[in-house]
Amino acid sequence: MPTVHFTDAEGVVRDIEGNAGDSVMETAVRNGVPGIVAECGGSLSCATCHVFVREDCLDQLPEMDEMEDEMLYGTAVDREDNSRLSCQLKLSEDSDLYVTTPETQV
Amino acid sequence: MSATNTSATAAPAAGSDGTVRTGLLIIGASQSGVQLAVSLRALGFEEHITLLGDEDHRPYQRPALSKEFLQGTVGSESLIFRSNEYWAEHNVALVKGERITRIDREADGSGVAHAASGAQFPFQRLALTVGARARKLELSGADLDGVVYLRNADDALELKARLDDVREAVVIGGGFIGLEAASSLHKMGKTVTVLEYGPRLIGRAVGEETSEYFLAAHRERGLDIRLDARMNRLVPAEDGSRVAGVELDDGTVVPAQLVLVGIGVVPNIELAEQLGLAVDNGIVVDRHALASDGTTVAVGDVANIPNPLPGAPEGERIRLESVNNAIEHAKVAAYSLMGRREDYAGIPWFWSNQADLKLQIAGLTLGYDSTVVRRDDGRGKFSVLYYRDGRIIAADCVNAPLDFMAVKNALAKGQNIPADAAADPAVVLKTIVTDG
Ligand SMILES: Cc1cc2nc3c(=O)[nH]c(=O)nc-3n(C[C@H](O)[C@H](O)[C@H](O)COP(=O)(O)OP(=O)(O)OC[C@H]3O[C@@H](n4cnc5c(N)ncnc54)[C@H](O)[C@@H]3O)c2cc1C
Ligand code: FES
């Protein structure tokens, strides 16, 4: 089972088992993980699914395209080098991802 | 913000028949109803919540129905808002497939909702998140087999099931849903004609420059778009069994094995009318999502709300049909049900994906008096900025997320983006915002 470990801005950790093919955003939202809003439901339009990815997990992830890159300039909490939009991060069977959610998404 | 607690701790009401009526009944289990339940639990609302809807599906997100779901790139499970476990853990009773047809009410606001099935749902407080339904086409032949709408999951499933037999499709209506669906069908290899009654595309929601941009862009991508289209009737196949085309007023027939009607929606105001609530293009609510009885909340597509844009003139009203509005409006309503009075937060925004055109709209164009167009064809970017008395109030941005974000953030902070400087498409909008 792919697993995503969500740490919120206060440091609370939630380990959520997901399904291969689902995005990190979907895994969070369906299970009510706070800290991810995802207004647009994953269509890369809202930038309210921002996460910081732990550095050693970054190379598990697909490259970001130009749209995601530009959207990241509009996040509520400023982007960092390890910022991604979680709706663009699809889980595979052996994903084991550590991400931190920002203080706010809107 | 005042904190007089009216609902969360009030004693259960007893109806005139003696039954005890507790909790909140939310009628309509979609974007607004789901958000209302979620926000209430986040705020610590302790009473029982029943989230009731007439559809047979778990609550799901609609936007993909005309886009990724129609194209088959996203499955139905991805559209579901929350897992069943989430609702159970949060003490929200989800009721599917029950259509409320009548509501009996006591003077204190409590009452019983009666479903078509005969089932009864007692409540102490009531929320109407009943949304809107597709406007029906009134034209000879409109009831033929093969004439479809796209408002809910059943519509989308029906549409998908028919596609194998469709070579040519006509989309009636050049608004968001029509153009999204037309683009999806075209991508799936169908020949698509869009018939728009009005003189321009998306006329209700965007200005002329954006309409023109979309017209040219869609024609370039292969859609046959007819503006000012007048139709005589929908033409049946020879054996009369199904639709075969659309006859225009010059007598020509556009052949189609599928006619998708996307001519707007009608708010579901019937229950509100029956309750005697003020209704005018939706259920009229105040800044706190309260209907005219001062206790029922009405949220989302069904609500006629005061223009929520900061600085908008007093008394200006609007009914918004968007995910963002459903979410933000539900939050306002959740506070009201907790006895708190909060204003609408954030800047209204909207998105629409049509082929490779990603439209993002920030703000509301209501009352604009001038525009600035920023166009960079080399990079495929296009934005229109809308101004009212020299202040920016909205922007339509196509494949231009930086512009969208800059305008949305400026509006949120009460800042302006001066029109003269913004006219140069090479200028990064974020760098020219001014305070006040
Ligand atoms: C195909 C499509 C694409 C869209 N794309 C976008 C987009 O890209 N971006 C965007 O921002 N918005 C989009 N929208 C709009 C967005 O989905 C709506 O604004 C949103 O769903 C409104 O939510 P709501 O809960 O207020 O109303 P609705 O979603 O209409 O939900 C109301 C619910 O109440 C139920 N109901 C009504 N009457 C009764 C009754 N008497 N008893 C029981 N149940 C009842 C209805 O069946 C329905 O399930 C799209 C909509 C559609 C249909
Ligand atoms: S969910 Fe909207 S951009 Fe990711």
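What you are looking at is a predicted structure, and each value in this text was computed from that prediction instead of being measured.
Contact record, A:Cys40 with B:Trp349: CB-CH2, 4.2 Å, taken as the closest heavy-atom pair.
Proximity to chain A (any heavy atom under 4.5 Å) is restricted, for B:Glu68, to the side chain, taken from C-beta onward. Both the backbone and the side chain of B:Leu402 come within contact range of chain A, with heavy atoms under 4.5 Å apart. In this structure, chain A has a heavy atom under 4.5 Å from the side chain of B:Arg379, while its backbone stays farther away. Residue contact with chain A, scored on non-hydrogen atoms closer than 4.5 Å, involves the backbone of B:Phe81 exclusively. For B:Glu85, no part lies under 4.5 angstrom from a heavy atom of chain A.
Other residues, nucleotides and ligands place more than 12 heavy atoms under 6.0 Å from the CG atom of A:Asp15. The environment of B:Lys160 atom NZ is dense: over 12 non-hydrogen atoms of other residues, nucleotides or ligands sit within 6.0 angstrom. For A:Asp78, the CG atom counts as loosely surrounded, since its 6.0 Å shell holds 12 or fewer non-hydrogen atoms of other residues, nucleotides or ligands.
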A:Ser45 vs B:Phe404, test: side-chain contact (heavy atoms from CB on, under 4.5 Å). Steps then yes/no.
CA-CA 10 Å; A:Ser45 300; B:Phe404 168 73; over 6 Å; no
Can you check salt bridge (charged side-chain N to carboxylate O under 4.0 Å, His left out) on A:Glu70 and B:Lys358, steps first, answer last?
CA-CA 13 Å; A:Glu70 292 199 4; B:Lys358 254 182 118 62; over 6 Å; no
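Most heavy-atom pairs under 4.5 Å with chain B: of the set A:Thr48, A:Val37, A:Val106, A:Leu44, this distinction falls to A:Leu44. The choice from A:Gly41, A:Ser43, A:Ala47 that makes the most heavy-atom pairs within less than 4.5 Å of chain B is A:Ser43. With chain A as the partner, the residue from B:Lys408, B:Lys381, B:Lys430 showing the most heavy-atom pairs under 4.5 Å is B:Lys381. Of the listed residues B:Asn324, B:Ile80, B:Val38, B:Asn399, the one with more heavy-atom pairs under 4.5 angstrom with chain A than any other is B:Asn324. When each of B:Pro63, B:Ala412, B:Ser78, B:Gly346 is checked for heavy-atom pairs under 4.5 Å with chain A, B:Ser78 comes out on top.
No side-chain heavy atom of A:Asn19 sits less than 4.5 Å from a side-chain heavy atom of B:Glu77. At a threshold of 4.5 Å between non-hydrogen side-chain atoms, the residues B:Arg82 and A:Asn31 do not count as touching.
Rounded to the nearest 0.5 Å, atoms CD (A:Glu39) and CD (B:Gln35) are 8.5 Å apart.
Contact annotation for residues 83-97 of chain A against chain B (heavy-atom separation below 4.5 Å): no residues qualify.
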